[in-house]
Colleague: 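Submitted below is the structure of interest, expressed as structure tokens.
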Amino acid sequence: MKIATWNVNSLKVRLPHVLDWMAANSPDVLALQETKLTDDAFPVEAIAEAGYRCVYSGQKTYNGVAVLAKSEPVDPLTDIEGLDDPQRRILAATVDGVRIINLYVVNGSEVGSEKYAYKLAWMDKVTTWIAGELKRHERLVVLGDFNVAPEDQDVHDPEAWHERILCSTPEREALGKLFALGLSDCFRKFEQPEQSFSWWDYRAAAFRRNMGLRIDLILTSPPMTEACTACTIDVAPRRLERPSDHAPVVAEFVL
DNA sequence: ATGGTTGCGTGGCAA
């Protein structure tokens, strides 16, 4: 079973890239973030023609998450208890007996800002909910754009990013609470190239210079960690014309 | 270099 995550930064703009990538890589599940589409505008037909079912939770202009899968995603959930949030950032669904939790974590803008406080509160509430989900689902995958680089090795220039947004200690501690629940960053279960990143700023030729961060993650419950045989970042779509600023991350499982 | 680029939507915000 191949499970992938990709922040597409507008599915309207990126649909051709997504369809090409699905055709070339044949993931069983593809979680998307930043679709930036209302649900009535979701390209259900184009995705169906590619052989995929989908569930989605979107809004105008910002945010928006979707789960595309070869099998029907069931038991979809878009809102969690204790988080009355109009921002569409959460989508859970079960595919082939695996509970998928797709997250577009709040960016936070700047350390100390209102959005930063919202980010930390959001992560805390989502983590509490995931603790319950782990008890309900043995096979659980939490994936998406976490907007946190877990460690300095996930940052091209740790000194420049020291205690800045996406890298600050409170954000890393908030992410650490997910690890403390028993979830594993499956990318780090395998030997990886140094300077592996999943996001590069559009500005300052950051991709060409590999000035990136690894903020797109696939976290696995213990049975899924055991079943995971590979986890890679596919930088190929980042090289295309008019790319997303994020690359897809892919994990493979033998269940 | 407190810049730079992209998307949405058509001004300015978010990332």
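By convention in this document, chain letters (A, B, ...) are assigned in the order of the sequence lines, proteins followed by strands, and residues within each chain are numbered from 1. Atom set for the values below is all heavy atoms of this structure, side chains included, hydrogens, waters and symmetry mates excluded.
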Colleague: Pick the nucleotide of DNA chain B nearest each of Lys60(A) and Arg164(A); which residue has the one closer to the 5' end?
Modeller: Arg164(A)
Colleague: Please tell me whether Ser71(A) and Asp96(A) have a donor and an acceptor in their side chains that are separated by less than 3.5 angstrom.
Modeller: yes
Colleague: Could you check how far CZ of Arg14(A) sits from C1' of dG7(B), rounded to whole Å?
Modeller: 8 Å
Colleague: Between Asp201(A) and Arg209(A), does any NZ, NE, NH1 or NH2 come within less than 4.0 Å of an OD or OE carboxylate oxygen?
Modeller: no
Colleague: Please report the C-alpha distance between Glu133(A) and Arg99(A) in whole Å, then the side-chain angles of each, then the deciding distance to 0.1 Å, and finally whether the salt bridge (Lys or Arg N to Asp or Glu O under 4.0 Å) criterion is met.
Modeller: CA-CA 9 Å; Glu133(A) 288 291 280; Arg99(A) 189 63 172 169; 3.5 Å; yes
Colleague: Which value, in whole Å, describes the distance between the P atoms of nucleotides dG7(B) and dG3(B)?
Modeller: 22 Å
Colleague: Take atom CZ of Phe207(A) and atom C1' of dT6(B), then tell me their distance rounded to the nearest Å.
Modeller: 16 Å
Colleague: Using a strict 4.0 Å threshold on nitrogen-to-oxygen distance, state whether Lys119(A) and Glu171(A) make a salt bridge.
Modeller: yes
Colleague: Any ion pair linking Asp79(A) and Arg88(A) (charged N to carboxylate O, less than 4.0 Å)?
Modeller: yes
Colleague: Take atom P in dG4(B) and the same atom in dC8(B), then report the distance between them in whole Å.
Modeller: 22 Å
Colleague: Could you encode protein contacts along nucleotides 10-15 of chain B as a string, one character per nucleotide from 5' to 3', using B for base contact, S for sugar-phosphate-only contact and - for no contact, with a heavy-atom cut-off of under 4.0 Å?
Modeller: ----SB
Colleague: Among residues at least two apart in sequence or on other chains, which ones pass salt bridge (Lys or Arg N to Asp or Glu O under 4.0 Å) with Arg139(A)?
Modeller: none
